[in-house]
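The basis for the numbers below is simple: all heavy atoms, side chains too, and nothing from hydrogens, waters or symmetry mates. Order of listing sets the numbers, starting from 1, for every ligand and every atom in it.
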Amino acid sequence: MHLRNPYTQNPPDFRALAESYVKLAKFLHDDATINFTDAEAVCALTEALLHKDFDIDIDLLPDRLCPRVANRLNYILWIQDLLDSDSYDFNTINHSPPIWGLDIGTGTSCIYPLLGCRLRRNWHFIATDIDDLAVSTAAKVVSRNKLTDRIFVFKTAPVDPFFAHHPRGESHTNEYFHFTMCNPPFYSSSADYNASQTLKVTPAHSFTAAAPEEMITPGGEVAFVKRMINESIERFSKDANTANTWYTSMLGKLDSLKVVVSKLRKHGISNYAVAEFIQGQFTRRWAVAWRFGGRRLVPEITRPVEPVLSAAVRGLLPPATGCILSSGHAKGIKDNHLLDKVLSTLKNDFGEFIHLEKLSQPNSDKYYITGYSREGNVWSRKFRRNKRREFEEVDHVERSRMPEAIGFGFRIFVDYSVKTEMCQCIIHWSYGSDPIIFESFCGMLKDRIQPLVSS
Ligand SMILES: C[S@@+](CC[C@H](N)C(=O)[O-])C[C@H]1O[C@@H](n2cnc3c(N)ncnc32)[C@H](O)[C@@H]1O
């Protein structure tokens, strides 16, 4: 589960839920559980959770897909992580409201827009579906929860471009999506769906009622997401302003994730992320996200330490965006003091070509160094020779306001533990398109920074 998922540490107390949501009471067994193979009972439990924990008022349809709350939350929390990763640095970027998301295939429950809006007050959604019942039911639940000014439901056709219903034109909206999300139909045919059911070796711990149009699409989830990748590339080629949109999707099979990541890599899209959500003993889901712009994700997302990923998923991770530049025993050293030494070394060696600043870390009394340059590889001799004159012509004010025009950006942090007296200097890659440039920058910095820690 996602680390911030509230159900990780606190599984639902069914008895308390039934007290707060009477409809659940009749499905309670032994006062403490429900029969998970009974679709009506699972719907009542889901409604109770949404009601109690998220103030969402909904009547789920027992013959339609019943969204498992913990599972849907994992995906929403991960998207929050992707967006928050941007707002850490690039202090000129304004991440205040509104944030716009597109939910492709919102279903009868409209679950992602509802959860997303309840968790973040500045989130807004366009929600689409090709199914009449999904569109009408979703629109009703949005209105029932008084979210008609933040969630807009549209009917689309299977052949319509996925990203056509963007908020442009709405007077109160931003022109571009900050993110798109989707829980696509998994299977390519009824035969494929039936085969997957027979293959299940575990007993049916939980029953999934669903209409065929919710579970089946030509080519299955792989074809669906491949189409999304193609359309996102086309969209970016026509409009560079879409560079910072996070395109994302859930995937129900690990094999699908492998195919999707391989397609991203084939198209040279290195700015992507993958996640694995493990739910109980039997359910695993994966998520993938990609974008075209240069803003890079924090290492906690590109290389998560927790939750521990399976070996197969580790092989699919994007290029690293973090590196330890130096680590050592540094008795009595203060982290800000070391950061100043690092800053003056960097200024001395690269100050002409890299804009360097010491900034305070959000919600902390600690500092970090932010650095960016118009181009990558500015530390090579050849670059310096060619660019010195050109760079001098750009005045300082312009340099300090140019994060959107940069080619390479990074942040440097120093962490000192009083208890262990160990000190670490860490670099995060914050901007750029070429992982090799980041690697080579790290290699070069290690030689310069290690002596500062040990001296
Ligand atoms: C697996 S369900 C997901 C429903 C909901 N988002 C959830 O997670 O519970 C997939 C949904 O995608 C819709 N769908 C299928 N093809 C679509 C398309 N081309 N555009 C938009 N929605 C589509 C289906 O009608 C269905 O409601």
If you scan protein heavy atoms around atom 11 (C) of ligand 1, the nearest is Gly105 O, 3.6 Å
Which pairs would a plain distance check flag for residues 249-258, meaning a side-chain donor or acceptor within less than 3.5 Å of a matching protein atom at least two apart in sequence or in another chain?
from	atom 1	to	atom 2	distance (Å)
Ser249	OG	Cys182	O	3.4
Ser256	OG	Glu221	OE2	2.6

Among Tyr176, Tyr272, Phe236, which one satisfies ring-ring contact (aromatic ring centres under 6.0 Å, His included) with Phe292?
Phe236
So which protein heavy atom does atom 18 (C) of ligand 1 come closest to, and at what separation?
Ile130 CG2, 3.5 Å
Ligand 1 versus Thr106, non-hydrogen atoms closer than 4.0 Å: side chain, backbone, both, neither?
backbone
Do me a favour and list the nearest non-hydrogen protein atom to atom 26 (C) of ligand 1 with residue, atom name and distance?
Asp129 OD2, 3.6 Å
Report yes or no: does Arg72 have a heavy atom closer than 4.0 Å to ligand 1?
yes
Quick note on ligand 1: atoms under 4.0 Å from a heavy atom of Phe162 include exactly 19 (N)
Taking only non-hydrogen atoms of Phe186, do any sit less than 4.0 angstrom from ligand 1?
no
Interfacing atoms of ligand 1 (cut-off 4.0 Å, heavy-atom, Asp131):
25 (O)
Identify, for atom 3 (C) of ligand 1, the protein heavy atom at the shortest distance, and state residue, atom and that distance.
Asn183 O, 3.3 Å
Around Lys26, counting heavy atoms of other residues, nucleotides and ligands shown, do more than 12 lie under 6.0 Å from its NZ?
no
Under 4.0 Å from a heavy atom of Glu213: give me the atoms of ligand 1 that qualify, with their elements.
24 (C), 25 (O)
NZ/NE/NH1/NH2 to OD/OE distance under 4.0 Å, Arg64 and Glu213:
yes
Using the ring-ring contact (aromatic ring centres under 6.0 Å, His included) rule, pick out the option among Trp246, Trp78, Trp123, Trp100 that qualifies with Phe179.
Trp123
Any idea which atoms of ligand 1 are less than 4.0 Å away from a heavy-atom of Phe224?
16 (N), 17 (C), 18 (C), 19 (N)
Determine, using ring centers only, whether Tyr75 and Tyr112 are less than 6.0 Å apart.
yes
Identify the closest protein heavy atom to atom 2 (S) of ligand 1: which residue and atom is it, and at what distance?
Glu214 O, 3.5 Å
Taking the basic N atoms (NZ, or NE/NH1/NH2) and the acidic carboxylate oxygens, is any pair closer than 4.0 Å for Arg235 and Glu231?
no
Determine whether the aromatic ring centres of residues Phe410 and Phe441 are separated by less than 6.0 angstrom.
yes
